[in-house]
Novice: 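A single structure is presented below for examination.
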Amino acid sequence: MYVCILLRLIVFKYPWEQMRETMRTWQRGVILEGLDTANFTLFATIRMYVKYADRLNSFENLAGNVLLFLPLGFLLPWVWRGMRRWRRTLAAAFLCSAGIELFQLFSAFGAFDVDDLLLNCAGAMLGFGLWHSCGRVRLNACR
């Protein structure tokens, strides 16, 4: 359920008619256009949002990227024993986020931004920390 919500909020956020029109006009140029609008410079978007915080919806964009992946960092170790090491959860979050960003790069359903990768992974690590803290609280309560 979480993955469906995540994809709806990140990839399929546009109205269906707009997405259908984008798909109808897909050509090689769409991919090249995605490369032109992509941000491959780490911290460029974050710096822009901080600099123009009074004019842009900075908080929503920065916090949103973190909050969207927080459940992933919490749920992965909770449901899958193999993800109970932070490095594995971080790798999974990176791969998931990179997959979404690459899809956006090549599909024109959004824009590739390397800062989104950073913020998404930070959110997953916050979620992992929350999961880890909940486990410690539960252990201490049982003693």
Side-chain angles (χ1 to χ4, degrees), residues 1-139 141:
M1 186 64 143
Y2 165 72
V3 173
C4 290
I5 293 168
L6 186 68
L7 290 175
R8 173 69 174 102
L9 290 173
I10 296 176
V11 177
F12 302 110
K13 59 188 164 202
Y14 302 107
W16 175 244
E17 292 301 319
Q18 183 180 349
M19 289 173 45
R20 198 164 61 203
E21 182 63 25
T22 299
M23 288 186 285
R24 194 180 65 69
T25 60
W26 269 345
Q27 298 174 12
R28 186 175 172 206
V30 170
I31 296 171
L32 297 176
E33 183 181 309
L35 289 170
D36 287 342
T37 61
N39 170 37
F40 294 102
T41 307
L42 197 57
F43 297 111
T45 303
I46 294 171
R47 270 195 298 269
M48 179 195 63
Y49 280 134
V50 170
K51 183 176 181 180
Y52 298 107
D54 60 325
R55 290 177 234 149
L56 301 173
N57 54 346
S58 302
F59 179 78
E60 292 89 356
N61 282 304
L62 296 174
N65 275 304
V66 172
L67 292 175
L68 281 172
F69 273 72
L70 193 142
L72 183 72
F74 184 88
L75 293 171
L76 271 178
W78 186 43
V79 299
W80 190 2
R81 186 177 285 277
M83 289 290 158
R84 292 186 176 168
R85 301 207 186 282
W86 71 268
R87 285 184 181 102
R88 289 181 181 176
T89 300
L90 178 60
F94 177 81
L95 290 173
C96 181
S97 181
I100 291 169
E101 292 299 317
L102 288 172
F103 179 78
Q104 288 180 323
L105 177 66
F106 295 120
S107 71
F109 290 145
F112 178 92
D113 192 339
V114 72
D115 287 341
D116 288 353
L117 283 167
L118 176 70
L119 294 168
N120 295 159
C121 288
M125 288 296 89
L126 285 172
F128 182 86
L130 183 63
W131 170 82
H132 193 265
S133 296
C134 288
R136 286 183 179 259
V137 167
R138 196 176 35 223
L139 281 174

Novice: Who are the ring pair (Phe, Tyr, Trp, His ring centres under 6.0 Å) partners of F40, not counting sequence neighbours?
Specialist: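 Counting only residues at least two positions away or on another chain, F40 forms a ring pair (Phe, Tyr, Trp, His ring centres under 6.0 Å) with F112.
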Novice: If you measure from CG on L126 to SG on C121, what distance do you get to the nearest 0.5 Å?
Specialist: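 Answer for the CG-SG pair, L126 versus C121, is 11.5 Å.
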Novice: Going by side chain to side chain contact (heavy atoms under 4.5 Å, CB included), name the residues that satisfy it together with D116, two or more places apart in sequence or in a different chain.
Specialist: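 If we apply the side chain to side chain contact (heavy atoms under 4.5 Å, CB included) test to D116, skipping adjacent residues, the hits are N65, E101, D113, N120.
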Novice: Just wondering, are more than 12 heavy atoms of other shown residues or ligands nearer than 6.0 Å to CZ in R20?
Specialist: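 Counting neighbours around CZ of R20, more than 12 heavy atoms of other residues, nucleotides or ligands fall under 6.0 Å, so yes.
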Novice: Which heavy atom of S58 sits nearest to which heavy atom of A53, and what is that distance?
Specialist: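 That closest heavy-atom pairing would be OG-CA, 3.4 Å.
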Novice: Which residues pass the ring pair (Phe, Tyr, Trp, His ring centres under 6.0 Å) test with F69, not counting sequence neighbours?
Specialist: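 F69 satisfies ring pair (Phe, Tyr, Trp, His ring centres under 6.0 Å) with no other residue.
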Novice: Under a 3.5 Å distance rule, please check whether S107 uses its side chain to pair with a backbone N or O of F103 as donor and acceptor.
Specialist: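 Indeed, once roles are kept as given, a pair shorter than 3.5 Å links the two residues.
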Novice: Starting from the C-alpha separation in whole Å, work towards a yes-or-no answer on side-chain contact (heavy atoms from CB on, under 4.5 Å) for L35 and L105.
Specialist: CA-CA 7 Å; L35 289 170; L105 177 66; 3.8 Å; yes
Novice: What verdict does the side-chain contact (heavy atoms from CB on, under 4.5 Å) test give for F43 and L118, after you've listed the backbone C-alpha separation in whole Å, the side-chain angles of each residue and the deciding distance to 0.1 Å?
Specialist: CA-CA 9 Å; F43 297 111; L118 176 70; 3.5 Å; yes
Novice: Search all heavy atoms of P77 against all heavy atoms of M83 and return the closest pair with its distance.
Specialist: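 Answer, listing the atom of P77 first, then M83: CB-O, 3.4 Å.
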Novice: How close do Y14 and M19 get, counting heavy atoms only, and between which atoms?
Specialist: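 Scanning both residues completely, I find the closest heavy atoms to be O-SD, 3.3 Å.
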Novice: Could you work out, with side-chain hydrogen bond (donor to acceptor under 3.5 Å, both in side chains) as the rule, every residue matching D54, not counting sequence neighbours?
Specialist: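 Counting only residues at least two positions away or on another chain, D54 forms no side-chain hydrogen bond (donor to acceptor under 3.5 Å, both in side chains).
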Novice: Atom CG in L117, atom CG in L102: separation rounded to 0.5 Å?
Specialist: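 Answer rounded to 0.5 Å: 8.0 Å.
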Novice: Which residues pass the salt bridge (Lys or Arg N to Asp or Glu O under 4.0 Å) test with E60, sequence neighbours left out?
Specialist: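 Per chain and number, E60 pairs via salt bridge (Lys or Arg N to Asp or Glu O under 4.0 Å) with no residue.
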Novice: If the condition is ring pair (Phe, Tyr, Trp, His ring centres under 6.0 Å), which residues does Y49 pass it with, not counting sequence neighbours?
Specialist: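 For Y49, no residue satisfies ring pair (Phe, Tyr, Trp, His ring centres under 6.0 Å) once neighbours in sequence are set aside.
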Novice: Output, in order, the C-alpha distance, side-chain angles, deciding distance and verdict of side-chain contact (heavy atoms from CB on, under 4.5 Å) for L72 and S97.
Specialist: CA-CA 11 Å; L72 183 72; S97 181; over 6 Å; no
Novice: Nearest 0.5 Å, please: how far is CD1 in I100 from CG in L7?
Specialist: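 Going from CG on L7 over to CD1 on I100, the span is 5.5 Å.
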Novice: Could you state the interatomic distance from CD1 (I10) to CG (L68), rounded to the nearest 0.5 Å?
Specialist: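 Reported to 0.5 Å precision, the distance equals 5.0 Å.
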Novice: Check M125, H132, R84 against T89 for a side-chain contact (heavy atoms from CB on, under 4.5 Å) and give me the one that passes.
Specialist: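 For T89, the side-chain contact (heavy atoms from CB on, under 4.5 Å) check succeeds only for M125.
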Novice: As an exercise, state the distance from CE of M48 to CG of D115, rounded to the nearest 0.5 Å.
Specialist: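 Result: 9.0 Å between the selected atoms.
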Novice: Looking at K13, I want to see if its NZ is surrounded by more than 12 non-hydrogen atoms of other residues, nucleotides or ligands under 6.0 Å.
Specialist: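 Atom NZ in K13 is crowded, with more than 12 foreign heavy atoms closer than 6.0 Å.
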Novice: To the nearest 0.5 Å, what is the distance between CH2 on W131 and CH2 on W78?
Specialist: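 If I round to the nearest 0.5 Å, the distance is 12.0 Å.
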